[in-house]
Amino acid sequence: MNAPVNRQLRLARRPEGRVSLDDFVREEAPPPAAEEGAVVARTLFLSVDPTNRVWMKDVPQYMPPVAIGEVMRAGGLAEVVDSRLDGFAPGDLVFGMTGWQDYALLRPGGPLGLARIPAVSGLAPEKFLGVCGPNGVTAYAGMIDVAEIGEGDVAIVTAAAGSVGSAAGQIAKLKGARVVGIAGGPDKARALVDHYGFDAGVDYRAPDFRDQLKAATPDGADVLFENVGGAVMEAAIGRMNPRGRIALSGMISIYNGAGGTRYDWAPIMAKRLRVQGFNLIDCGEIWPRAARELASWVLEGKIRAEETIVDGLESAPEALNMLFDGANVGKLLVRL
Ligand SMILES: NC(=O)c1ccc[n+]([C@@H]2O[C@H](COP(=O)([O-])OP(=O)(O)OC[C@H]3O[C@@H](n4cnc5c(N)ncnc54)[C@H](OP(=O)(O)O)[C@@H]3O)[C@@H](O)[C@H]2O)c1
């Protein structure tokens, strides 16, 4: 039998705009050796996340940027092949920061460290990279803990047809809110209502986007779950009611650029809005409870979640671009 090879994509230079395979060096190495307190795991699926693009940039952020020459950082679903960690054995499925490579040495620590993927009958393990994992937990934390969504609220969700957004909107519905989603193109806007059960879907690419949004929020909005930034966010803030709450989850519209942006704070002041940025790395405590609840909602058919799967390690850079083109439906994964 051939010895296993660890294919890796290492960051060769900081991409400008779209990412290409040429921004990475392809290397082959033996799999890492097991170490005390860690497992060696073989990557099955890579989670493709907008934040991957930010990690490639040398700008202030919530984690250190990926260094030039380092394996590209990414979350992944992996199978343990060797373990020197109590409670983990070969064959176990785990979540961890596998990176863009076939084999990773993973150890516990922090919410993104190493976690067992529970075997739940009826749920594919890759759901724990999306709706029952980081994306769903982000939606849960932002909508429930940060925005404090409640019965009778009107919520706007941006990037609403994506992984985080579709979960955030459905969670708000479960909590008794009226939910308006914003997404790109008429098909996605329609799917928000027909497939995900939102009350209205608005296409931000339509020339009459602002009129559509106004018509969909005749009584304004109390909560904004913000994933996009830029003009879409400003339009949504324009519909907020006094003392509304904004859960600032992400700003994908600026990730491909050099960074930085300027906004008009006057409406936030005039309407006395509460704006709170939040990040999954602070959600370690609620993660197990949120993941359990999300899994039961999915199993009961109360929440729908889709995946877009792309094959092959070398597809990872182009897959990342798909998030910025809106070419994904739901959670975007690369299968190795
Ligand atoms: N705070 C946290 O801890 C945390 C954790 C995970 C994710 N997030 C954030 O959540 C957001 C969504 O992430 P995700 O993983 O669920 O990705 P996703 O929503 O599944 O995919 C990204 C979507 O963003 C939309 N988009 C891309 N560029 C856009 C632009 N310029 N203007 C408007 N929409 C644009 C596209 O949808 P359309 O076709 O509708 O344009 C695309 O499908 C991101 O901002 C991400 O950073 C935050």
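As the structure lists them, so they are numbered: ligands from 1, and atoms in each ligand from 1. These figures come from a predicted structure and were not determined experimentally.
Residue Ser163 approaches ligand 1 through these ligand atoms, each under 4.0 Å from one of its heavy atoms: 16 (O), 18 (P), 19 (O), 20 (O). Atoms of ligand 1 lying under 4.0 Å from any heavy atom of Met251, numbered from 1 in the order shown and given with element: 45 (O). Listed by number with element, the atoms of ligand 1 under 4.0 Å from a non-hydrogen atom of Leu280 are 2 (C), 3 (O). Shown in contact with Ser249 at under 4.0 Å from a heavy atom are these atoms of ligand 1, numbered in order with element: 1 (N), 2 (C), 4 (C), 8 (N), 9 (C), 10 (O), 48 (C). Every atom of ligand 1 is numbered from 1 in the order shown, and the set under 4.0 Å from a heavy atom of Phe324 is 27 (C), 28 (N). Below 4.0 Å from some heavy atom of Ala183 lie the following atoms of ligand 1, by number and element: 40 (O). The ligand atoms of ligand 1 that sit less than 4.0 angstrom from a heavy atom of Gly326 are 36 (C), 37 (O), 39 (O), 42 (C), 43 (O). The Ile252 neighbourhood of ligand 1 comprises atoms 22 (C), 24 (O), 26 (N), 27 (C), 28 (N), 29 (C), 35 (C), 45 (O), with distances under 4.0 Å to a heavy atom of that residue.
Residue Ile182 does not touch ligand 1, judged by heavy-atom distances below 4.0 Å. With a 4.0 Å cut-off on non-hydrogen atoms, Glu226 does not touch ligand 1 at all.
The aromatic rings of Tyr204 and Phe209 sit perpendicular, their planes meeting at an angle over 60°, well past the 30° parallel limit. Using cut-offs of 30° and 60° on the angle between ring planes, the pair Phe225 and Phe278 is perpendicular.
Contact check on Arg84 versus Glu35 returns no salt bridge, with no Lys/Arg side-chain nitrogen under 4.0 Å from an Asp/Glu carboxylate oxygen. Using a cut-off of 4.0 Å between Lys/Arg side-chain N and Asp/Glu carboxylate O, Asp153 and Arg245 are scored as salt-bridged. The pair Arg335-Glu307 does not meet the salt-bridge criterion, since no charged nitrogen lies less than 4.0 angstrom from a carboxylate oxygen. Looking at Glu27 and Arg7, no side-chain N of the basic residue comes within less than 4.0 Å of a carboxylate O on the acidic one, giving no salt bridge. Under the 4.0 Å criterion applied to side-chain N and carboxylate O atoms, Arg239 and Asp219 are not assigned as salt-bridge partners. Using a 4.0 Å cut-off between charged nitrogen and carboxylate oxygen, Lys214 and Asp211 do not count as a salt-bridge pair. Between Arg190 and Asp203 no salt bridge is recorded (no basic side-chain N to carboxylate O distance below 4.0 Å). Taking the charged nitrogens against the carboxylate oxygens, Arg18 and Asp325 do have a contact shorter than 4.0 Å, which makes a salt bridge.
At the top of the distance list for atom 32 (N) of ligand 1, counting protein heavy atoms only, stands Val228 CG1, 3.5 Å. For atom 37 (O) of ligand 1, the closest non-hydrogen atom of the protein is Lys188 NZ, 3.7 Å. Nearest protein heavy-atom contact of atom 6 (C) of ligand 1 is Thr138 OG1, 3.7 Å. Counting protein heavy atoms only, atom 23 (C) of ligand 1 is closest to Leu323 O, 3.7 Å. When only non-hydrogen protein atoms are considered, atom 34 (N) of ligand 1 lies nearest to Tyr204 OH, 3.3 Å. From the protein, the heavy atom lying nearest to atom 43 (O) of ligand 1 is Asn328 OD1, 2.6 Å. At the shortest separation from atom 19 (O) of ligand 1 among protein heavy atoms lies Gly162 CA, 3.2 Å. Ranking protein heavy atoms by distance to atom 11 (C) of ligand 1, first place goes to Asn227 OD1, 3.3 Å.
Residue contacts with ligand 1: Thr51 is placed with no nitrogen or oxygen under 3.5 Å of a nitrogen or oxygen of the ligand (distance criterion only).
Contact record, Ala319 with Leu332: O-CD2, 3.1 Å, taken as the closest heavy-atom pair.
Ligand 1 has no atom lying under 4.0 Å from any heavy atom of Met322. At a 4.0 Å cut-off, at least one heavy atom of Gly330 sits close enough to ligand 1 to count as contact.
A side-chain N or O of Asp49 and one of Ser47 form a donor-acceptor pair less than 3.5 Å apart.
For the residues Ala159, Pro50, Ala141, the heavy atom positioned nearest atom 17 (O) of ligand 1 is part of Pro50. In the candidate list Gly184, Gly185, Gly250, Gly277, Gly184 is nearest to atom 38 (P) of ligand 1, counting heavy atoms.
A 6.0 Å sphere centred on CD of Glu234 holds more than 12 heavy atoms belonging to other residues, nucleotides or ligands. Atom CD of Glu300 has more than 12 neighbouring heavy atoms from other residues, nucleotides or ligands inside a 6.0 Å radius.
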